[in-house]
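Here's the structure, in structure tokens; my notes come after.
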Amino acid sequence: MIDLVVVGAGPAGLGAAIAAAEHGLQVCVVDEFVKPGGRLLGQLHEEPDGKWVNGIEEAQKLYSRAIELGVNILCGVSVYDLQKVDHGWCVYTTDEMIESKCLLLATGASETPIPIPGWTLPGVMSIGAAQVMGNVHRVKPGEKAIIIGVNVLSVAIARELQLCGVHVESILLPQPGILAGDAAQPEKMMESLLRLSHLAPSPLIRMGGKWVSPKLGARLFPKNGFKMWGIPIQLRKTALEIYGENQVEGVRIAEVSASGDVLPGTEKTVSADFVCIAGGLTPMSELASVAGCSFCYVPELGGHVPLHNEFMQTNLAGLYVAGNITGVESAKVARAQGKVAGLSVARVLKALTYGGNEKLHSAVEEVKETRKNALIQFQPGIEEARRELYGKFDETHKKTLISI
Amino acid sequence: MNEESTVVCRCEEITLKEIQGTIEKFNCSSREVKLRTRAGMGSCGGRTCRSTIDRLVEQMGGPVISNEVPLSYRPPVRPVSFGILGGAKE
């Protein structure tokens with residue numbers, strides 16, 4: 001029986017593996033993708049100070065450090081079941097069964113699809129798939145893209161597609177109706193975009209972020225949209241249908257009012273050879289659910305998250321969570337959470353040396369600090385939602401766990 | 001193509017119309033929609049359409065999404081061969 005199995009080799013999983021291995025623990029990391037790094041692999045962006053962040057390099061650094069510390073990393077291996085056993089966990093993978101004293105789920109988030117008429121045509125993909133094709137596999141998904149879904153993620157990836165040499169024709173809203181829900185509401189999406197305002201080169205939105213209310217923003221929003229990096233962002237246009245004979249040929253669009261109603265007589269078609277659907281991210285909780293964790297529904301964090309405390313413990317002994325499974329946030333926050341989880345495991349397995357408690361507590365502070373300085377807030381109210389979640393955990397479970 | 005004929009569950013090819021019709025007729029939960037229509041029971045294990053089904057049920061007057069995960073997850077949570085289930089290495 002080894003000390004720790006980590007599911008997910010993203011920033012959280014590798015961060016945890018490193019922290020645990022630095023304290024002498026025997027660690028195995030399992031990831032279903034063929035390369036380690038998780039969502040880091042897709043990231044490429046310019047920070048406000050002009051420095052470029054290349055996620056592939058960040059992933060390589062974490063990977064090298066983990067290998068140096070003797071962490072066993074299995075890629076292209078999926079976990080399909082879990083079981084609590086005496087003094088630990090049994091993890092069933094497509095490679096072998098592994099037993100460990102502690103188990104960390106760092107499985108990240110998955111994309112929320114928005115079904116749109118014509119979305120089963122070849123050439124329609126999720127925005128994350130386009131990112132993986134371009135940035136990880138170095139395959140250009142097409143020449144001319146239309147992105148359906150205006151949010152922080154879609155705007156960031158549109159920029160990456162542009163860097164791949166793709167012409168992004170426009171980013172617009174999905175068709176209003178029961179399938180799209182809020183994603184078709186100009187006001188709601190304006191609210192989401194305003195959180196990107198500090199990154200936007202456009203003075204309109206940069207200013208807007210400071211003082212424009214989402215309601216006013218949506219109403220004043222120019223009919224033809226505004227541009228970020230030359231990409232038209234169109235909060236007052238909607239995708240009615242993706243059309244094409246055997247594959248994507250274009251999108252039928254129309255104008256919408258500020259409240260999201262289609263304006264009659266404004267329909268037209270726009271050609272494209274691929275379409276990306278961006279419905280946002282939601283924590284990937286399947287393994288935590290199979291394990292039997294308690295859950296909390298927290299919209300600010302992206303949906304259902306396993307109940308946990310700020311030391312990344314769940315309500316089940318020996319089971320930990322870190323990264324986007326605990327709520328959708330940036331890769332930097334995920335990495336900081338991973339470190340907390342790794343130290344937390346080391347503490348429980350009595351591997352923390354002198355001064356270990358201080359280390360753990362300062363790692364918890366680091367998460368808060370990183371969150372405060374995060375460039376992108378995926379949702380408003382993350383801080384408050386987390387405080388409430390941890391409070392709930394303490395109320396119900398503190399007594400049953402080994403106290404920290 | 002209109003919204004009604006849009007495929008929601010891609011694995012089992014279940015349309016919005018069929019799901020909406022089922023919710024209306026039986027006033028049912030996500031789980032019942034799954035059992036009645038097979039939406040969410042295909043090879044992806046509901047990973048693609050589960051959130052849409054939950055949202056449809058909620059918007060059509062079903063129970064408000066609570067702390068419970070509406071459609072429970074059961075192992076295997078990834079498609080695996082009988083060989084692997086039987087303990088063989090891939």
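Computed over heavy atoms, backbone and side chain alike; hydrogens, waters and symmetry mates excluded. Just so we're on the same page: letters track the sequence lines, and every chain starts at 1.
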Please state whether the side chain, the backbone, both or neither of [X] comes within less than 4.5 Å of a heavy atom of chain B.
X	answer
A:Val298	neither
A:Ser78	side chain
A:Leu307	neither
A:Met97	neither
A:Glu111	neither

Legend entry - chain A contact via B:Val69 - side chain, backbone, both or neither, heavy atoms under 4.5 Å: both
Legend entry - Atom pair CZ/SG of A:Phe393 and A:Cys296 - distance to nearest 0.5 Å: 11.0 Å
Legend entry - Rounded distance [0.5 Å steps], CG in A:Leu316 versus OG in A:Ser294: 7.0 Å
Legend entry - Polar side chain donor-acceptor pair, B:Ser30 to B:Arg50, under 3.5 angstrom: no
Inset, instruction - Taking atom types as modelled, find out whether B:Glu18 and B:Thr15 have a side-chain donor-acceptor pair closer than 3.5 angstrom. - result: yes
Legend entry - Parallel, tilted or perpendicular, as decided by the 30° and 60° cut-offs, for the rings of A:Tyr390 and A:His308: perpendicular
Legend entry - Mutual orientation of the aromatic rings belonging to A:His304 and A:Tyr297 [parallel < 30°, tilted 30-60°, perpendicular > 60°]: tilted
Looking at [options], which has the largest count of heavy-atom pairs under 4.5 Å with chain A?
options	answer
B:Glu68, B:Glu4, B:Gln59, B:Arg10	B:Arg10
B:Ser66, B:Gly45, B:Ser51, B:Cys49	B:Ser66
B:Ile65, B:Leu16, B:Val8	B:Ile65

Inset, instruction - Quick one: which of A:Met284, A:Glu32, A:Glu286 has the most heavy-atom pairs under 4.5 Å with chain B, could you say? - result: A:Glu286
Legend entry - Option passing side chain to side chain contact (heavy atoms under 4.5 Å, CB included) with A:Ile325 (candidates A:Leu301, A:Leu287, A:Leu105): A:Leu105
